[in-house]
Amino acid sequence: MATDYYAVLGVRRDASQEEIKKAFRRLARELHPDVNPDPKTQERFKEINAAYEVLSDPQKKQVYDLGGDPLQQAGAGGGAGGFGAGGFGNFSDIMDAFFGTASQRGPRSRTRRGQDAMIRIEVELDEAAFGTTKDIQVDTAIVCTTCSGEGAAPGTSAQTCDMCRGRGEVSQVTRSFLGQVMTSRPCPQCQGFGTVVPNPCPECAGDGRVRSRRTLTVKIPAGVDNGTRIQLAGEGEVGPGGGPAGDLYVEIHELPHSTFQRRGDDLHCTVTIPMTAAALGTKVPLETLDGMEEVDIRPGTQSGQSIPLHGRGVTHLRGGGRGDLIVHVEVQTPSKLDPEQERLLRELAKLRGEERPLGQFQPGQQGLFSRLKDAFNGR
C-alpha cells in the first residue's frame with residue numbers, strides 16, 4: 001500500500017479511537033477547503049478524510065492492518081482522492097471539528113442547582129481542641145415565597161415561546177462547499193428555555209429566589225485547625241428557578257493563644273526560670289487547657305531542655321487520643337548583682353573550682369557548602 005494512513009493523521013499504529021478522532025479534527029480545521037483554498041491543501045484534506053474513514057471503522061481498520069485496501073473493497077472509488085459516498089462517511093465528525101460537539105436538543109430547564117457558599121468563623125484554642133457549637137448568620141439566596149420559585153407573578157405562569165415554539169433553539173440554513181448546512185443555536189427570545197415569563201414575580205424579578213439572612217447552628221468537631229472546612233450539605237445558595245441548594249462550607253480560623261503555640265496536635269510554650277531554680281530544681285504552676293498543673297523542673301535543668309506533658313495537647317481530629325504539651329525551659333542569667341550577691345557567687349565558684357573555667361569548645365554550625373562537601377566526601 002502506497003499510503004500510510006497512520007502517518008497521514010500523525011498517530012501511532014496503536015493509537016486509540018479517541019486519539020485518531022482528535023488528530024482528524026485538528027487537521028480538518030486546519031486543512032478544510034473553506035479555510036485554505038490552495039489546491040495542494042485540498043488534496044491533503046482528501047487524504048486525511050480517507051485515512052479517517054478507514055481508521056475510525058473497526059472493520060476497515062482490520063482489513064487495512066492486514067494489508068488490504070478497505071476503500072476499494074467497499075467500493076469507495078478513487079481511494080484517498082475520492083469525494084464519493086465513502087469519502088464523507090464521517091460528515092458529523094467534520095462538522096464537529098468546526099462547530100464543536102452538538103449540545104443536547106430541546107429546551108433547557110429554568111431550574112438549576114445553586115452555588116456553594118463559604119463563611120469563615122473564628123474559634124479559640126480550647127474550642128478547637130475540644131469541639132464546640134456556634135451560631136452563625138448566613139446571607140444566602142432562598143426560594144421566593146411569593147412565586148414558590150416559579151418566577152412568574154401570582155396568578156400567571158410561563159408561556160411557550162412563539163419564536164421557537166418551545167424547542168429552545170432555532171435553526172438556520174447556510175451554504176457551503178458541501179451544499180446546504182443546517183445549524184442550530186439557542187433561541188434569542190427565550191434564551192433556550194422554550195418558555196417566556198411575560199409577568200415576572202415582583203418580589204424576585206423572575207429569578208425564583210431572594211436573598212435572606214438566617215441563623216444556623218454549626219457543630220465544630222474536636223481537633224479542627226486553621227483552614228479546616230466543615231461541609232453543611234444543602235445549606236448554600238438556592239439555585240435559579242427554585243433549584244436545589246448548594247452546600248455551605250464553614251472555614252475555621254483559630255485565634256492566637258497568649259501562652260501556647262500550636263504545631264499540629266501538639267502545644268508548645270516556654271517557661272523562663274532563674275539559674276538558681278534551674279540548679280536546685282523547682283515546680284512552676286502552669287494553666288493548661290485542662291486546668292492548673294505544676295511543671296516539675298528537676299535540679300540541673302539546662303536552658304533549651306523540653307519537658308513533655310503527655311496527653312495535654314489538642315484532640316486528634318481523626319482517631320482517639322490527644323497530642324502533647326511541650327514546655328521549653330529557658331534559664332535566665334542575672335545581668336546585675338549587688339555586692340553581697342556577687343560575693344556569694346564568687347564563693348560558690350571557688351567551692352566548685354570554677355573561678356577560671358577553661359570552657360568546652362565544639363565545632364560551630366556548618367554552612368550549606370560545607371555540609372554539601374562533607375556529603376560528597378562521605379563524612
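Note that the coordinates shown come from a computational prediction; the quantities given were computed from them, not determined experimentally. Throughout, numbering of the chain's residues begins at 1 and tracks the sequence. Computed over heavy atoms, backbone and side chain alike; hydrogens, waters and symmetry mates excluded.
The shortest side-chain heavy-atom distance between L55 and L9 falls under the 4.5 Å cut-off. The shortest side-chain heavy-atom distance between T146 and P154 falls under the 4.5 Å cut-off. Within the 4.5 Å cutoff, side-chain heavy atoms of C164 are placed close to those of V170. With contacts defined as side-chain heavy-atom distances shorter than 4.5 Å, the pair V327/L286 qualifies. Using a 4.5 Å cut-off on side-chain heavy atoms (C-beta onward), D296 and R298 make contact. Between V138 and R213 the shortest side-chain heavy-atom distance does not fall below 4.5 Å. The closest side-chain heavy-atom distance from I220 to I252 is below 4.5 Å. Proximity of E47 to R44: side-chain heavy atoms (C-beta onward) are separated by under 4.5 Å at one or more points.
Between H268 and the options R262, Q261, H328, a side chain to side chain donor-acceptor pair (under 3.5 Å) holds for only H328. For the ring-ring contact (aromatic ring centres under 6.0 Å, His included) with Y52, the qualifying choice from F45, F24, Y5 is F24, the only one to do so.
Within a 6.0 Å sphere centred on CD of Q59, other residues, nucleotides and ligands contribute 12 heavy atoms or fewer. Summarising the local packing, CZ of R120 is surrounded by 12 or fewer heavy atoms from other residues, nucleotides or ligands at distances under 6.0 Å. Summarising the local packing, CZ of R214 is surrounded by more than 12 heavy atoms from other residues, nucleotides or ligands at distances under 6.0 Å. Environment of CD in Q115: sparse, with no more than 12 heavy atoms of neighbouring residues, nucleotides or ligands closer than 6.0 Å. In the displayed structure, R13 atom CZ is contacted under 6.0 Å by more than 12 heavy atoms of other residues, nucleotides or ligands.
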From CA spacing to verdict: side-chain contact (heavy atoms from CB on, under 4.5 Å), E169, R185: CA-CA 5 Å; E169 61 183 13; R185 59 187 177 89; over 6 Å; no
Residue pair Q17, K61: steps toward the side-chain contact (heavy atoms from CB on, under 4.5 Å) verdict: CA-CA 11 Å; Q17 285 296 319; K61 183 176 182 295; 4.1 Å; yes
V196 and T160: CA distance, side-chain angles, deciding distance, side-chain contact (heavy atoms from CB on, under 4.5 Å) verdict: CA-CA 6 Å; V196 293; T160 302; over 6 Å; no
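Criterion: ILVMFWY side-chain heavy atoms under 4.5 Å apart, direct or through other members. Under it, V143 and V210 are not part of a common hydrophobic cluster. Note on V123 and L216: same hydrophobic cluster, where clusters join Ile, Leu, Val, Met, Phe, Trp and Tyr whose side-chain heavy atoms are under 4.5 Å apart, directly or indirectly. Under a hydrophobic-cluster definition in which Ile, Leu, Val, Met, Phe, Trp and Tyr are linked whenever side-chain heavy atoms come within less than 4.5 Å, directly or via other members, M163 and V197 are assigned to different clusters. Both L309 and L125 belong to a single network of hydrophobic side chains, linked directly or stepwise wherever heavy atoms of I, L, V, M, F, W or Y lie under 4.5 Å apart. Linking ILVMFWY residues whenever their side-chain heavy atoms come closer than 4.5 Å, directly or via other members, leaves L280 and L337 in distinct clusters.
Atom CZ of R229 and atom CD1 of I119 lie 13.0 Å apart (nearest 0.5 Å). Atom CG of residue L325 and atom CG of residue D266 lie 9.0 Å apart, to the nearest 0.5 angstrom. Rounded to the nearest 0.5 angstrom, D265 CG and H316 NE2 are separated by 5.5 Å. Here the CG atom belonging to D126 is positioned 11.0 Å from the OG1 atom belonging to T288, to the nearest 0.5 angstrom. Distance CD1/I326 to CG/L267: 9.0 Å, rounded to 0.5 Å. Taking CG of D139 as the reference point, atom CD1 of I142 lies at 10.0 Å (rounded to 0.5 Å).
Ion pairing of R110 with E150 is absent here, as no side-chain N (NZ or NE/NH1/NH2) approaches a carboxylate O to less than 4.0 Å. Using a 4.0 Å cut-off between charged side-chain N and carboxylate O, R211 and E237 make a salt bridge. Salt bridge absent: K134 and E122 never bring a charged side-chain N and a carboxylate O closer than 4.0 Å. Here R322 pairs with D290 in a salt bridge; the nearest charged N to carboxylate O distance falls below 4.0 Å. Using a 4.0 Å cut-off between charged nitrogen and carboxylate oxygen, E18 and K21 do not count as a salt-bridge pair. Using a 4.0 Å cut-off between charged side-chain N and carboxylate O, R352 and E354 make a salt bridge.
Not one N or O on the side chain of E235 forms a donor-acceptor pair closer than 3.5 Å with the backbone of L232. Remark: the backbone N or O of V238 is paired with a side-chain donor or acceptor of R209 at under 3.5 angstrom. Between the side chain of D116 and the backbone N or O of D247 there is at least one donor-acceptor pair closer than 3.5 Å. Side chain of D324 to main chain of G311: a donor-acceptor pair is present (N/O by atom type, distance under 3.5 Å, no hydrogens or angles).
The cationic atom of R12 (NZ for Lys, CZ for Arg) does not lie both less than 6.0 Å from the six-membered ring centre of Y6 and within 45° of the ring axis.
Sorted by first then second residue, the side chain to side chain donor-acceptor pair (under 3.5 Å) pairs that include residues 339-351, not counting sequence neighbours, are E340-R343, E342-R346. Sorted by first and then second residue, the ring pair (Phe, Tyr, Trp, His ring centres under 6.0 Å) pairs involving residues 220-264 (not counting sequence neighbours) are H257-F260.
Across every non-hydrogen atom of A129 and V314, the tightest pair is CA-CG1, 3.7 Å. Closest approach of P334 and M275 over heavy atoms only: CD-SD, 3.8 Å. Of all heavy-atom pairs spanning P308 and S306, the tightest one is CD-O, 3.8 Å. Heavy-atom minimum distance, C187 versus C161: SG-SG, 3.8 Å. Among all heavy-atom pairs drawn from T301 and V331, the shortest one is O-CG2, 4.0 Å. The shortest heavy-atom contact between E124 and L255 is OE2-CD1, 3.5 Å.
Defined by atom type and a distance below 3.5 Å, a donor-acceptor pair is missing between the side-chain atoms of N226 and E254. Of the N and O atoms on the side chains of D57 and Q62, not one donor lies less than 3.5 Å from an acceptor on the other residue. Residues T215 and D135 have side chains that never bring a donor and an acceptor to within less than 3.5 angstrom of each other.
Not counting sequence neighbours, the partners of S109 by the side chain to side chain contact (heavy atoms under 4.5 Å, CB included) test are T111.
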